[in-house]
Structure formats: structure tokens, C-alpha cells
Amino acid sequence: MSTDATKKALFNFAIKHADDRLILGHRLAEWCSAAPILEEDIAMSNIALDLLGQSVLFLKYAAELENSNHTEDDLAYLRTEKEFRNALLCEQNTDDFAYAIARQFFFDVYDYYLMEALSKSTDEQIRGIAEKSVKEAKYHLRHSSEWMLRLGDGTEESHKRIAEAVEFLWMYTGELFETDGDDDLLKSEGIIPDLSGLKAKWYESVSQLLTKATLDVPSIDLFMQSGGRKGYHTENLGHILSDMQYLRRLYPDAKW
């Protein structure tokens with residue numbers, strides 16, 4: 001690691017991707033005991049645990065880079081809403097199973113290509129996290145892709161619901177590929193990939209699957225919501241954090 005600027009950029013990068021996985025994992029965990037079949041109940045819970053594990057790895061690295069005696073638990077439970085940097089897609093409330101699957105599918109395609117590219121990172125710790133996570137990301141993508149096909153090419157009702165979910169959640173997908181000065185610096189040092197290149201792969205894969213599922217493919221140029229990467233969130237995140245952080249804030253010294 002060459003400079004303090006690189007260290008700061010890496011911290012911000014680790015926080016963003018830890019927050020994506022922490023918040024999406026929390027959303028998936030809400031389906032524990034509520035999925036339509038028992039096997040799916042277990043699958044969604046396992047994927048939530050995978051995402052939580054990946055988040056812990058990124059948060060540990062962020063705490064190491066920050067070097068201020070914070071732990072991964074401090075970063076997860078003691079930051080405020082405005083300090084979270086997850087993409088808005090990850091925090092969207094999905095009471096309907098079709099919305100949960102569409103949200104997961106959009107993220108899984110992105111996550112698979114991102115982890116695959118980060119497996120070639122020049123940063124040893126980022127490369128290690130990615131090499132471990134890409135195997136899980138591949139499984140997650142296969143799982144959500146199969147559900148997209150079942151719902152899209154299923155009954156009239158399942159097709160209607162998944163089509164509505166795709167249409168609603170599409171406007172949150174563009175933020176996944178937003179970059180800033182930190183990303184530009186890390187890219188120049190070979191630590192992270194060119195996200196614009198990932199966006200093209202993402203759109204191609206998503207388009208092929210949606211077509212196979214007999215669903216319309218939205219344009220990649222439609223208006224996209226933004227703000228999560230800068231700390232501007234929907235009301236959903238406040239509700240998530242009130243659940244997730246309540247115990248730690250009430251009993252800050254509690255141990256399992």
C-alpha cells in the first residue's frame with residue numbers, strides 16, 4: 001500500500017461493500033420462517049449468513065485500515081444512518097417474495113462479476129476476500145436465476161408479480177456501478193476493476209436471463225435512483241438499523 005490516500009480509499013471501498021452485504025443479509029434474514037417452501041426458507045437463511053460473513057471480512061479490513069481501535073462490531077453497530085454507504089437496492093423493503101428474488105438476482109449478477117474481478121486485485125486482503133466470496137457468489141447467482149425463470153415463465157400470477165418487481169427495482173440498479181475519486185485511485189493501482197466494464201457484463205447477463213424468463217428487459221439508460229453511496233438513504237435503512245443495533249446500543253458491554 002503506497003500512500004495514506006490509498007489507505008483511505010481502501011477503507012471507503014471496504015465500508016461500501018461491507019454495508020451492501022450487511023444490509024442485504026439483514027433483509028434476506030427477514031424471510032427466515034416466511035419463505036414459500038421449507039427448502040427456500042433454509043436457502044435464503046444460508047445466503048444471508050454468507051453475506052454476513054463476507055461483510056465481517058470487509059469490516060475487519062476496514063477497521064485495520066482505520067487503525068483507531070474500532071472493531072468490526074463497532075463499525076456494524078455504532079455507525080449512524082448517514083455513515084452507511086450501502087447501495088439503495090440492498091435496503092429496499094420486499095414483503096412480496098417476487099421482489100425479494102428480483103432484488104437478489106440484480107445484486108447477485110453484480111456481485112459475481114465484482115468478486116471475480118477482485119480475485120485479481122493487487123491488494124492481498126481484497127484478493128483473499130474475493131477468492132473466498134466468489135464461490136458463494138456463484139451459488140447465490142444460480143439460485144436467484146432459477147427462481148427468476150420459475151416465476152417469470154410460471155403462472156400468470158407469478159409472471160405478473162416478478163414483472164412488477166423488475167420494473168420497480170430496476171431504478172436502483174444503476175447505483176451499483178457509480179464510482180468516485182477513491183475508486184479511480186484504486187483502479188489506477190490495480191486494486192479494483194473498471195466498474196463501467198462490469199456494468200456491460202451485468203446488463204448482458206441480466207438481459208439474457210430476463211428474456212429467457214419471458215420478461216421485458218428495461219433500458220439501461222432509464223433514470224436511476226442514487227444517494228446510498230453518499231449516506232442519503234430511504235426510510236427503510238432507519239428501520240433496519242433500529243432493529244439491528246438496538247441490543248448493542250442498549251448493552252454496549254454485553255458478550256455472548
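Because only heavy atoms are used, hydrogens play no part in the values below, and waters and symmetry mates are left out as well, while side chains stay in.
A side-chain N or O of Ser196 and one of Asp194 form a donor-acceptor pair less than 3.5 Å apart. Counted by atom type alone, Glu189 and Thr122 present zero donor-acceptor pairs between their side chains at under 3.5 Å.
Across Tyr203 and Pro218, no two heavy atoms sit closer than the pair OH-O, 2.9 Å. For Ala62 against Phe11, the heavy-atom pair with the smallest separation is O-CD1, 3.2 Å. Between Leu141 and Ser145, the shortest heavy-atom distance links the atoms O-OG, 2.7 Å. A pairwise comparison of heavy atoms in Thr80 and Glu83 identifies N-OE1, 2.7 Å as the closest pair. Listed here is the closest heavy atom pair of Ala102 and Ala165: CB-CB, 3.8 Å. Shortest non-hydrogen contact noted between Leu241 and Glu81 is CD1-CA, 3.7 Å.
Following chains of ILVMFWY side-chain contacts shorter than 4.5 Å, one can reach Val109 starting from Leu195, so the two form part of one hydrophobic cluster. The same ILVMFWY cluster, assembled from side-chain heavy atoms under 4.5 Å apart, contains both Leu28 and Ile37. One hydrophobic cluster, built from ILVMFWY side chains closer than 4.5 Å, cannot hold both Leu52 and Ile47; they sit in different ones. Cluster annotation: Val134 is not connected to Val56 through the hydrophobic network of ILVMFWY side chains, with a link wherever side-chain heavy atoms come within less than 4.5 Å.
Considering OG1 of Thr155 and CZ of Arg150, their distance stands at 11.5 Å, rounded to 0.5 Å. Leu10 CG to Ile126 CD1: the interatomic distance, rounded to the nearest 0.5 Å, is 5.5 Å. In this structure, Leu185 CG and Thr6 OG1 are separated by 4.5 Å, a value rounded to the nearest 0.5 Å. Taken from CG in Leu151 to CZ in Phe105, the straight-line distance is 12.0 Å, to the nearest 0.5 Å. Atom SG of Cys90 and atom CG of Leu24 lie 5.0 Å apart (nearest 0.5 Å). To the nearest 0.5 angstrom, Asn86 atom CG is 5.0 Å from Ile23 atom CD1.
Heavy atoms of other residues, nucleotides or ligands lying less than 6.0 angstrom from CG of Asp216 number 12 at most. Residue-environment remark: OH (Tyr77) stays at or below the threshold of 12 foreign heavy atoms within 6.0 Å. More than 12 heavy-atom neighbours from other residues, nucleotides or ligands sit within 6.0 angstrom of CD on Glu157.
With sequence neighbours left out, Arg79 forms a side-chain hydrogen bond (donor to acceptor under 3.5 Å, both in side chains) with Asp19. Here Arg249 pairs with Gln245 under the side-chain hydrogen bond (donor to acceptor under 3.5 Å, both in side chains) rule; sequence neighbours left out. Residues forming a side-chain contact (heavy atoms from CB on, under 4.5 Å) with Ser133 (at least two apart in sequence, or on another chain): Gln54, Met115, Ile129. A search for side-chain contact (heavy atoms from CB on, under 4.5 Å) contacts involving Thr211 returns Val217, not counting sequence neighbours. Partners of Trp31 according to the ring pair (Phe, Tyr, Trp, His ring centres under 6.0 Å) rule, which considers only residues two or more places apart in sequence or in another chain, are Phe97. Under the ring pair (Phe, Tyr, Trp, His ring centres under 6.0 Å) criterion, His17 pairs with Phe13, not counting sequence neighbours. Taking the side-chain contact (heavy atoms from CB on, under 4.5 Å) definition, one finds that Ala63 meets it with Leu75, sequence neighbours left out. Every residue meeting the side-chain contact (heavy atoms from CB on, under 4.5 Å) condition with His159, not counting sequence neighbours, appears here in chain and number order: Thr214, Leu215.
For the salt bridge (charged side-chain N to carboxylate O under 4.0 Å, His left out) condition, no pair includes a residue of residues 31-50, sequence neighbours left out. Residue pairs meeting the salt bridge (charged side-chain N to carboxylate O under 4.0 Å, His left out) criterion with at least one member in residues 29-38, sequence neighbours excluded, are Arg27-Glu30. Pairs of residues two or more places apart, or lying in two chains, that qualify as side chain to side chain donor-acceptor pair (under 3.5 Å) and include a residue from residues 97-117 are Arg21-Asp111, Thr94-Arg103, Gln104-Asp108, Asp108-Ser144, Tyr112-Glu116, Tyr113-Ser205.
In this structure, the side chain of Arg127 engages the main chain of Ser121 through a donor-acceptor pair within 3.5 Å. With hydrogens and angles ignored, the 3.5 Å screen pairs no side-chain donor or acceptor of Asn46 with any backbone N or O of Ala43. With His233 contributing its side chain and Phe84 its backbone, the two residues share a donor-acceptor pair below 3.5 Å.
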Could you check Phe106 against Trp202 for side chain to side chain contact (heavy atoms under 4.5 Å, CB included), going step by step and ending with a plain yes or no?
CA-CA 8 Å; Phe106 289 150; Trp202 178 90; 3.9 Å; yes
Derivation and outcome, side chain to side chain contact (heavy atoms under 4.5 Å, CB included), residues Leu89 and Gln225:
CA-CA 9 Å; Leu89 175 69; Gln225 297 283 353; over 6 Å; no
Carefully, step by step, assess Glu72 and Leu57 under the rule side chain to side chain contact (heavy atoms under 4.5 Å, CB included).
CA-CA 8 Å; Glu72 63 273 23; Leu57 294 176; over 6 Å; no
Should Ile15 and Leu59 be marked as a side chain to side chain contact (heavy atoms under 4.5 Å, CB included) after you check the CA-CA gap, both sets of side-chain angles, and the distance that decides it?
CA-CA 6 Å; Ile15 286 291; Leu59 286 177; 4.0 Å; yes
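Annotation: side chain of Leu22 is not in contact with side chain of Leu51 (no heavy-atom distance under 4.5 Å). Residues Thr71 and Lys60 have side chains not in contact (no heavy-atom distance under 4.5 Å, counting atoms from C-beta outward). At least one side-chain heavy atom of Asn93 sits less than 4.5 Å from a side-chain heavy atom of Asp95. Residues Glu178 and Met224 form no side-chain contact, since every pair of their non-hydrogen atoms from C-beta on lies 4.5 Å or further apart. Between Thr234 and Glu91, the closest side-chain pair of non-hydrogen atoms falls below 4.5 Å.
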For residues 167-177, run the donor-acceptor check on the side chains, cut-off 3.5 Å, and write out each pair with its distance to 0.1 Å, sequence neighbours left out.
from   : atom 1 : to     : atom 2 : distance (Å)
Trp170 : NE1    : Ser219 : O      : 2.9
Thr173 : OG1    : Trp170 : O      : 2.7
Glu175 : OE1    : Leu88  : N      : 2.8
Glu175 : OE2    : Gly227 : N      : 3.1
Glu175 : OE2    : Gly228 : N      : 2.7
Glu175 : OE2    : Arg229 : N      : 3.1

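Ion pair Asp183/Lys16 flagged as a salt bridge, since at least one NZ, NE, NH1 or NH2 atom sits closer than 4.0 Å to an Asp/Glu carboxylate oxygen. Salt bridge annotation for Lys132-Glu136: present, with a cationic side-chain nitrogen under 4.0 angstrom from a carboxylate oxygen. Of the charged side-chain nitrogens involved, none lies within less than 4.0 Å of a carboxylate oxygen, so that Glu156 and Lys160 do not count as a salt-bridged pair. Here Lys8 does not pair with Asp182 in a salt bridge; the nearest charged N to carboxylate O distance is not below 4.0 Å.
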